[in-house]
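Data first, discussion second: the structure below is written as structure tokens.
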Protein chains: 2
Amino acid sequence: MMKKKPAGSQDVAKLAGVSRSAVSRTYTPGAYVSEETRAKVLAAAAMLDYSPNAIARSLSKSRSGLIGIIASTLDNPFYARLLELLASTLQARGYAALLMVGDARNMDELLAKLLSYQVDGVLLPASKLTSRMAVSLHRSGRPVVLVNHTLDSREVSSVSGDNYGGGRMVADLLWETGHRRIAYVSGPIDTSSAVDRGRGLQDRLREYGIGVHAQASGEDTREQTAVVVRQMLNMTPPPDAIFCANDTMAVAALEVVTLEYGLRVPDDIAIVGYDNTILSTERLHALTSVDQNLEQMAQSAVDMLIRKMASDAPDLADLSVPATLIRRSTTRPRD
Amino acid sequence: MMKKKPAGSQDVAKLAGVSRSAVSRTYTPGAYVSEETRAKVLAAAAMLDYSPNAIARSLSKSRSGLIGIIASTLDNPFYARLLELLASTLQARGYAALLMVGDARNMDELLAKLLSYQVDGVLLPASKLTSRMAVSLHRSGRPVVLVNHTLDSREVSSVSGDNYGGGRMVADLLWETGHRRIAYVSGPIDTSSAVDRGRGLQDRLREYGIGVHAQASGEDTREQTAVVVRQMLNMTPPPDAIFCANDTMAVAALEVVTLEYGLRVPDDIAIVGYDNTILSTERLHALTSVDQNLEQMAQSAVDMLIRKMASDAPDLADLSVPATLIRRSTTRPRD
DNA sequence: TTGTAAGCGTTATCAA
DNA sequence: TTGATAACGCTTACAA
């Protein structure tokens with residue numbers, strides 16, 4: 001309704017009978033202002049409904065307080081929750097999140113847009129194809145942290161779950177509950193997380209003296225996963241356990257195994273997912289899964305980014321957050 | 001690595017041998033620049049890796065190109081997808097999304113932060129407790145559009161699914177497939193969407209000559225839903241169909257009905273959800289649900305907001321997007 | 001079509 | 001502790 005242009009520090013200064021600098025100082029955490037003038041300023045500000053203009057402040061301080069986040073699909077509940085946690089952690093630290101969602105096609109465009117808003121740093125919780133971008137960002141000197149994703153080149157810092165360790169835990173569980181023909185469905189082969197989980201599984205199984213019974217990759221859609229799982233089940237002998245690199249695929253596998261092949265889970269075959277999302281916690285699925293400790297992952301990522309922004313010493317690091325195996329009904333009990 | 005301070009329009013102007021205004025104009029869509037100078041500017045810009053500073057531009061034009069979005073929990077896949085679509089639609093229209101996630105507690109704080117960044121408008125896809133905020137925003141003259149949510153007071157514009165119509169469609173389906181004891185589990189009672197769906201159901205059933213067999217509300221958590229559903233199943237007679245106001249609750253209901261009570265779905269009892277999320281499309285659930293046409297909802301919301309920002313005539317409107325019933329295995333076939 | 005100069009709302013520097 | 005003044009990087013009358 002009342003479309004009056006909002007008051008500026010000038011107006012507040014006038015009303016309070018002080019200078020603009022005084023106003024600015026009252027809103028700057030550790031600045032020299034007498035209690036007296038501060039009070040006057042605050043009173044005047046309240047009267048005029050004044051609040052500092054963050055855009056102008058950004059321009060002046062050449063720090064925007066904005067952190068760019070480029071997310072890809074939020075269809076996977078894991079990424080949705082990750083985004084939520086990243087954003088709220090940023091807020092808690094006094095930053096705001098500039099969100100862009102994108103597929104591989106428009107990445108450059110999105111990135112340019114982010115940079116034009118002078119983001120102080122960038123968080124990349126994307127699953128794939130952010131590599132090129134991450135590198136160019138990092139080279140431009142802008143602080144970047146990859147989340148749930150690492151670069152082979154180790155050129156950019158990252159925070160991920162302990163995917164390798166997670167893979168090993170799954171191997172342990174399946175071995176100990178009597179499985180010997182263990183298959184791995186990995187989703188896109190070009191994501192570091194899927195690769196690491198597979199390596200963990202394989203290495204640990206090898207220590208037990210067996211290999212991975214079968215391995216397949218592809219898109220992590222339900223359809224594609226179904227195709228791959230069918231192929232596995234048609235092998236002779238078929239696997240007696242399938243480890244999927246995320247819950248979405250695990251549910252798809254569960255569907256094929258039970259609905260199409262009439263197998264009993266976990267008696268005939270065990271299914272293990274990853275991420276411990278709402279998909280696995282549902283009682284109808286009761287999917288054994290690996291929890292990535294998302295809260296910690298998000299916090300570490302944000303804190304790492306903030307540290308990077310503070311110091312101009314760009315020390316690289318790949319932080320790994322411990323994972324936890326959550327046993328449910330799609331695997332046999334341990335004893 | 002190379003941490004040189006980025007070039008400004010000044011630098012480009014100098015290199016190109018023109019004035020800063022010329023540079024500015026080359027980057028302003030409909031401005032008077034000769035092809036000749038434009039070319040010179042572009043060349044110089046490329047050389048210096050220049051791109052306009054959106055923060056400075058915002059300050060100068062007093063339009064930031066930023067749209068605030070306050071989302072609550074993204075645990076519900078519906079809201080995650082909605083956020084994704086809102087953000088990408090905004091991008092497509094040349095805007096960027098400033099995201100804040102929040103619970104009811106810190107709303108005022110979040111809002112203040114958003115406003116301090118001079119957002120041109122605000123999108124509120126939150127499920128609850130945004131009413132107060134929406135009103136105060138709207139009164140401050142800032143364009144606001146509620147998404148998937150309406151205000152009783154009709155003081156603020158909104159875009160929602162046709163919840164009333166969706167409720168009626170469910171009533172039709174259940175009636176036609178022989179159900180006569182139809183219960184409604186609504187989730188939080190204070191959300192307009194849940195209320196409207198319930199009204200639709202009730203009104204249509206009344207036209208058929210029956211009432212709603214039972215009705216319950218509460219938090220839309222899995223646990224709370226289970227409690228409510230158990231109470232309903234213990235009634236005499238129990239309902240022969242349960243309509244839940246979203247898929248999350250419907251899955252919880254399905255769990256109780258099948259796992260705890262051993263009922264067959266849909267023979268003994270039918271279950272209907274809402275939102276047609278990944279939860280309902282899973283083949284193990286195959287949940288009958290109502291699709292809200294999210295793409296259209298997001299687009300309409302963004303377009304409505306943009307229209308509001310353009311004209312200063314703040315005409316109120318509550319837009320409703322048609323819903324589609326998706327029949328799956330938790331309801332009986334229609335013939 | 002181009003350049004000059006005055007903002008946009010802050011913060012930072014420097015005297016007082 | 002305070003106030004004047006110059007940035008910050010861009011847009012936009014206005015004049016040329």
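Letters A, B, ... are given to chains in the order of the sequence lines, protein chains preceding strands, and every chain is numbered from 1. Just so you know, these numbers use all the heavy atoms, side chains as well, and skip hydrogens, waters and symmetry mates.
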Base, sugar-phosphate alone, or nothing: which one does [X] contact when heavy atoms must sit under 4.0 Å apart?
X       : answer
A:Tyr27 : nothing
B:Ser58 : nothing
B:Val33 : sugar-phosphate
A:Ser21 : base
B:Ser62 : nothing

Distance in angstrom units between [X] [atom1] and [N] [atom2], rounded:
X        : N      : atom1 : atom2 : result
A:Lys40  : D:dG3  : NZ    : C1'   : 13 Å
B:Arg25  : C:dT2  : CZ    : C1'   : 6 Å
B:Arg63  : D:dG9  : CZ    : P     : 22 Å
A:Arg57  : D:dG9  : CZ    : P     : 18 Å
B:Lys14  : C:dT4  : NZ    : C1'   : 17 Å
B:Gln10  : D:dT11 : CD    : P     : 13 Å
B:Leu115 : C:dG9  : CG    : C1'   : 16 Å
B:Asn53  : C:dC8  : CG    : P     : 18 Å

Please compare B:Arg20 and B:Tyr32 by the position of their nearest nucleotide in DNA chain C and report the one closer to 5'. B:Tyr32
According to salt bridge (charged side-chain N to carboxylate O under 4.0 Å, His left out), does anything in residues 43-68 of chain B pair up with another residue at least two apart or in another chain? List the pairs. B:Arg63-B:Asp120
With hydrogens left out and only the distance checked, is there a donor-acceptor pair under 3.5 Å joining A:Ser60's side chain and the base of C:dG9?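 When only heavy-atom distances are counted, A:Ser60 does not reach the base of C:dG9 through any donor-acceptor pair under 3.5 Å.
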Under 3.5 Å, is there a donor-acceptor pair between the B:Ser34 and B:Thr37 side chains?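 The answer is yes; a qualifying pair exists.
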Can A:Asn53 and B:Tyr117 be counted as having a side-chain donor-acceptor contact under 3.5 angstrom?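 Note: A:Asn53 and B:Tyr117 side chains miss the donor-acceptor criterion.
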A:Thr28 has its side chain closest, among C:dT11, D:dA4, C:dT4, to C:dT11
Candidates B:Leu151, B:Val156, B:Thr150 - the one meeting side chain to side chain contact (heavy atoms under 4.5 Å, CB included) with B:Ser153: B:Leu151
Of A:Ala56 and A:Val18, the one whose closest DNA chain D nucleotide lies more 5':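 So the residue in question is A:Val18.
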Taking the nucleotide of DNA chain D with the closest heavy atom to each, which residue, A:Ala22 or A:Lys61, is nearer the 5' end? A:Ala22
Would you please confirm or rule out a distance under 4.0 Å between OP1 or OP2 of [N] and any side-chain N or O of [X]?
X        : N      : answer
A:Tyr117 : D:dG9  : no
A:Ser24  : C:dT11 : yes
B:Thr37  : C:dT1  : no
A:Ser9   : C:dT10 : yes

side-chain hydrogen bond (donor to acceptor under 3.5 Å, both in side chains) partner of B:Asp318, chosen from B:Ser160, B:Ser158, B:Ser192: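 Passing option: B:Ser158.
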In the structure I gave you, are the side-chain heavy atoms of A:Arg81 and B:Leu74 within less than 4.5 Å of one another anywhere?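 Side chain of A:Arg81 against side chain of B:Leu74, heavy atoms only: no contact under 4.5 Å found.
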